[in-house]
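Just so it is clear, the model here is predicted, and its values are computed rather than measured.
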Amino acid sequence: MENNFFKNIEKKTGVNMKDIFELANSLQNANFKDENTVRSIVQRVSQIANKPVSKEMENKIVNSIVKDGKNIDMNTISKMINNKK
C-alpha cells in the first residue's frame with residue numbers, strides 16, 4: 001500500500017498510515033461494550049493524532065460509547081477529541 005497517495009497524506013498530516021491501518025484492523029472485531037477495549041482505542045487515537053486527552057474527556061468518550069451505545073468510528077472519536085470543552 002506504499003504509494004504516492006498515502007505518502008502525501010503522511011506528509012500533510014504527520015500521521016503514519018501504517019498506524020492508521022493497524023488501528024482500523026483492530027476496530028473490526030473490537031467489543032465496544034467493553035470499557036477497557038474502548039478506553040484503549042481512545043488512547044490509541046489520541047496518540048496517533050498527537051492530541052492529548054484528559055482523563056475527564058476520556059471518561060466522557062468511553063461512557064458515551066459503552067453506556068450510551070453511541071456508534072463508534074474514527075470520525076466520532078476525532079470529533080470528540082477535538083471538541084475538548
Open item on the list: According to side chain to side chain contact (heavy atoms under 4.5 Å, CB included), who are the partners of Glu56, at least two apart in sequence or on a separate chain?
Closed with: Ser54, Lys60
Task: pair Arg39-Asn59: side-chain heavy atoms closer than 4.5 Å - done: yes
Task: Reported CE-to-OG distance for the pair Met57 and Ser64, which is rounded to 0.5 angstrom - done: 10.5 Å
TODO: Determine the minimum heavy-atom distance between Val42 and Ile61, stating which atoms define it.
DONE: CG2-CG2, 3.4 Å
Open item on the list: Suppose we screen for salt bridge (charged side-chain N to carboxylate O under 4.0 Å, His left out). Which residues come up paired with Lys11, at least two apart in sequence or across chains?
Closed with: none
- [ ] Using side chain to side chain contact (heavy atoms under 4.5 Å, CB included) as the criterion, list what pairs up with Asp19, not counting sequence neighbours.
- [x] Asn16, Glu22, Arg44, Ile48
Task: Heavy-atom pair of closest approach, residues Phe32 and Ile65 - done: O-CG2, 4.0 Å
Task: From CG (Asn29) to OG1 (Thr37), nearest 0.5 Å - done: 11.5 Å
Task: Any donor-acceptor N/O pair, Ser46 side chain to Lys51 backbone, under 3.5 Å - done: yes
TODO: State the CD-CZ distance between Glu10 and Phe5, to the nearest 0.5 angstrom.
DONE: 11.0 Å
TODO: Could you pull out the closest heavy-atom pair between Lys33 and Val66, with the gap in Å?
DONE: O-CG1, 3.5 Å
- [ ] Apply side-chain hydrogen bond (donor to acceptor under 3.5 Å, both in side chains) to Lys55 and list each qualifying residue two or more places apart in sequence or on a separate chain.
- [x] Glu58
- [ ] List for me each residue that meets salt bridge (charged side-chain N to carboxylate O under 4.0 Å, His left out) alongside Asp34, sequence neighbours excluded, and say none if there are none.
- [x] none
